[in-house]
Amino acid sequence: MAAKVATRPPAETLSLWKREQARLKAFVVDRDTEAWQRDPAFSGLQRVGGVDVSFVKGDSVGACASLVVLSYPELEVVYEDCRMVSLTAPYVSGFLAFREVSFMVDAVRRLREKEPHLVLFVDGNGVLHHRGFGVACHLGVLTDLPCIGVAKKLLQVDGLENSTLHKEKIRLLRAGGDSFPLMGGSGTVLGMALRSHDHSTKPLYVSVGHKMSLEAAVRLTHGCCRFRIPEPVRQVGG
DNA sequence: GCGACAG
DNA sequence: ATCTTGTCGC
């Protein structure tokens with residue numbers, strides 16, 4: 001009989017997970033901590049990484065945890081790590097990290113010749129999250145590396161909605177690099193919608209993961225886009 | 001009850 | 001995440 005991951009965790013588990021998110025959230029740094037982040041050309045940055053856990057078709061447990069490192073600004077793959085893993089938690093919106101982050105942390109640990117200025121792109125959100133602590137924050141705090149959350153779809157949280165007005169703002173993004181802020185209910189900027197290149201209509205949703213300002217995160221994301229999806233995430237996903 | 005729901 | 005069909009542009 002094939003092993004299966006529970007459909008949805010019991011309420012007690014979700015409660016524990018929320019508590020863990022609240023505890024770790026206190027360690028998030030949402031500003032630039034590295035010298036290269038303030039440089040107009042990101043001089044000093046040499047490595048950008050991407051992490052992802054991709055599924056095996058027809059299997060609810062088996063998955064492949066991957067980490068790639070690319071040179072910057074050339075965006076050529078210089079390191080790849082892929083390992084088969086067994087998932088233990090189901091996907092629940094708002095709790096993606098509890099399904100994937102431990103495998104990402106393991107992959108980062110295996111990267112022994114760790115580049116001094118590595119920054120990680122995470123397929124998912126950072127502070128643009130139900131409780132302000134998405135998977136990109138979670139990975140950042142656990143690894144102490146700068147992390148950027150890049151989501152392909154808007155997570156509608158804290159007053160954000162995929163409304164007519166939102167779609168109109170998307171229409172007004174004309175060139176690659178154009179962006180507009182995503183304001184939460186309290187007037188806080190949670191993230192930015194970014195047109196990642198000239199020939200992409202559908203924006204990316206960029207938010208701070210850890211050790212980086214939103215401005216630097218958006219600018220670097222744009223700098224890593226040859227196509228709609230930033231190269232570190234595109235190369236790690238397949 | 002209904003819509004929404006990162007990956 | 002996955003699947004599926006159609007359509008457009010190069």
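A, B, ... follow the sequence lines: proteins, then strands. Residue 1 opens every chain.
Look at Asp178(A) and Arg195(A) and you find no salt bridge, because none of the NZ, NE, NH1 or NH2 atoms lies under 4.0 Å from a carboxylate O. Salt bridge annotation for Lys211(A)-Asp32(A): absent, with no cationic side-chain nitrogen under 4.0 angstrom from a carboxylate oxygen.
First and last contacting nucleotides of DNA chain B toward chain A (any atom under 4.0 angstrom from a heavy atom, 5' to 3' order): dA4(B) to dG7(B).
dT2(C) and dC5(B) are spaced 15 Å apart, taking the C1' atom of each and rounding to whole Å.
Among the protein residues, Asn125(A) comes within range of the nucleic acid bases, having at least one heavy atom under 4.0 Å from a base atom. Residue contacts shown for Phe98(A) are absent, as no nucleic acid heavy atom lies under 4.0 Å away. Note on Leu128(A): nothing from the nucleic acid sits closer than 4.0 angstrom, heavy atoms only. Counting non-hydrogen atoms under 4.0 angstrom, Gly149(A) reaches nothing in the nucleic acid. Among the protein residues, Val53(A) comes within range of no part of the nucleic acid, since none of its heavy atoms lies under 4.0 Å from any strand.
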> Which is it for Cys147(A) and Cys137(A) under the disulfide (SG to SG under 2.5 Å) test, yes or no, and what are the steps along the way?
Replying inline: CA-CA 7 Å; Cys147(A) 286; Cys137(A) 300; over 6 Å; no

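Listed for the Arg109(A) side chain is no donor-acceptor partner under 3.5 Å among the backbone atoms of Thr143(A). Remark: side-chain polar atoms of Ser207(A) are not paired, donor with acceptor, to backbone N or O of Asn125(A) under 3.5 angstrom. With His138(A) contributing its side chain and Gln21(A) its backbone, the two residues share no donor-acceptor pair below 3.5 Å. For Arg47(A) (side chain) and Leu70(A) (main-chain N/O), no donor-acceptor pair under 3.5 Å exists by modelled atom type.
Both tests do not hold together for Arg234(A) against Phe121(A): distance to the six-membered ring centre under 6.0 Å, angle to the ring axis within 45°.
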> Could you spell out the base pairing of DNA chain C in dot-bracket, with Watson-Crick or G-U pairs whose two distances are under 3.5 Å, [ ] crossing and | to another strand?
Replying inline: ..........

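Ring to ring, Phe133(A) and His210(A) are not that close: their centroids are 6.0 angstrom or more apart. Proximity of the aromatic rings of Phe227(A) and His199(A) is defined here by a centroid distance below 6.0 angstrom, and this criterion is not met.
At dC3(C), one or more side-chain N or O atoms of Lys57(A) fall inside 4.0 Å of OP1 or OP2 (strictly under the cut-off).
Taking CD of Gln156(A) as the start and CG of Leu182(A) as the end, the distance is 11.0 Å to the nearest 0.5 Å.
What separates CZ of Phe55(A) from C1' of dC3(C) is a distance of 15 Å, to the nearest Å.
Counting only Watson-Crick or G-U wobble pairs whose defining distances are both under 3.5 Å, DNA chain B contains no stem of 3 or more consecutive pairs.
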